[in-house]
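See below for the structure under consideration.
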There are 2 protein chains.
Amino acid sequence: MAAVDAAEKRTQAKNAYNAFLAACPSRQLLDRISDRWVVLIMCALAGDGAGNAAGPVSMRYSELSRLIAGVSQKMLTQTLRSLERDGLVTRTVTPTVPVTVDYALTDLGLSLYRTARGLRLWAQDHMDDVRARRDAYDADR
Amino acid sequence: MAAVDAAEKRTQAKNAYNAFLAACPSRQLLDRISDRWVVLIMCALAGDGAGNAAGPVSMRYSELSRLIAGVSQKMLTQTLRSLERDGLVTRTVTPTVPVTVDYALTDLGLSLYRTARGLRLWAQDHMDDVRARRDAYDADR
DNA sequence: CGGAATCCTAACCGATACTG
DNA sequence: CAGTATCGGTTAGGATTCCG
């Protein structure tokens, strides 16, 4: 009995939220957040889109749509919904005519932004490096 | 003329590698790296998979395949190829019988790992928070 | 304005079989 | 062992139309 319990504990401690495991819930969460639109929306709502507002901002649906070029309204809505569901953004409806909807980061969303931001910046900062490596690779084929 | 040059300069400075722009090359790079397999492979090759090897490791194809549960050999190969092309990992073939192939992070890959790791850890660390928010959201529908 | 609903196709991706 | 090649299903995701 004691041996079984100990073994169980070890297994649990080892496996608790390990994204390397296919069945782990954190794997699904990783799937969700490693998405281009998620990263860009996070960055937008954190204020990275403005000149340098330096701080989280509240943005309307149409503002997001304009800032994040190329996103279809379907994907934008879909992504925002899942982010809202996961507690990463808030959705505020103001009953003007026509209606006004604002999105903003929650604290949880802000914490994700902190690392998502790195991804976007890395892409921008190392674009030239990657291009060079890519050209070199393609050269000898 | 001077006015035009100044305007051009401002535009270039503002737009140089801005992932918010659909046409920007860094957007495509962002698409590539915000991928579950990329994140997991980076973490694996950085040594996050081992107990705590604390440091980049070299791994064989089959080792990666075993560590990253659920990845199909097609996706693993495909992802590794693109990572190699982009200069993020090296592929070393040792002509034993049967052949041995090792993968390892480059310096560039290591720099990406530094931020990709955050994504995986965030997913693991905040799984419970997200679950709670998700349940709360689903409750009132 | 901020969506929801529908349709449709391109790609992703897994499963399988075969190879050096 | 470390792949390549092919096929087929699923789905992401765009375009369009309509609604409160």
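As the structure is a prediction and not an experimental result, all values here were calculated from the model. Lettering follows sequence order; numbering is per chain, from 1.
- Summarising the geometry, the separation between CZ on Arg66(B) and C1' on dG3(D) is reported as 16 Å, rounded to the nearest angstrom.
- Heavy atoms of other residues, nucleotides or ligands lying less than 6.0 angstrom from CZ of Arg133(B) number 12 at most.
- In this structure, Arg117(B) places its CZ atom where only 12 or fewer heavy-atom neighbours from other residues, nucleotides or ligands lie under 6.0 Å away.
- In this structure, the nucleotide among dG2(C), dG3(D), dG3(C) sitting nearest to the side chain of Arg91(A) is dG3(C).
- Across dG2(C), dC1(C), dA2(D), the shortest atom-to-atom separation from the side chain of Val101(B) is found for dA2(D).
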Requested in this report: Test side chain to side chain donor-acceptor pair (under 3.5 Å) on Arg32(B) and Gln28(B) and set out the steps.
Outcome: CA-CA 6 Å; Arg32(B) 277 278 171 92; Gln28(B) 276 125 50; over 6 Å; no
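- Computed from coordinates, the Asp102(B) CG to dA2(D) P distance equals 8 Å when rounded to whole Å.
- In this structure, the CZ atom of Arg81(A) is 10 Å from the P atom of dA5(C), given to the nearest Å.
- Phosphate proximity of dG3(D) to Tyr103(B): present, with a side-chain N or O under 4.0 Å from OP1 or OP2.
- An OP1 or OP2 oxygen of dG3(C) is reached within less than 4.0 angstrom by no side-chain nitrogen or oxygen of Thr77(A).
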Could you list, one pair per line, each protein nitrogen or oxygen that sits under 3.5 Å from a nitrogen or oxygen of nucleotides 14-17 of chain C, together with the distance?
from: dG14(C); atom 1: OP2; to: Ser72(B); atom 2: OG; distance (Å): 2.7
from: dG14(C); atom 1: O6; to: Lys74(B); atom 2: NZ; distance (Å): 2.7
from: dT16(C); atom 1: O4; to: Gln73(B); atom 2: OE1; distance (Å): 3.0
from: dA17(C); atom 1: N6; to: Gln73(B); atom 2: OE1; distance (Å): 3.4

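- Nucleotide dG13(D) holds its C1' atom 11 Å from the CG atom of Asp35(A), rounded to whole Å.
- In this structure, the nucleotide among dA4(C), dG2(C), dG3(D) sitting nearest to the side chain of Tyr61(A) is dG2(C).
- Considering only residues two or more places apart in sequence or on other chains, Arg27(A) meets the salt bridge (Lys or Arg N to Asp or Glu O under 4.0 Å) condition with none of them.
- Listed nucleotides: dC1(C), dG3(C), dG3(D). Nearest to the side chain of Arg60(A): dC1(C).
- Counting non-hydrogen atoms of neighbouring residues, nucleotides and ligands closer than 6.0 angstrom, the CG atom of Asp107(B) reaches no more than 12 such neighbours.
- Distance Leu80(A) CG to dA4(C) P: 10 Å, rounded to the nearest Å.
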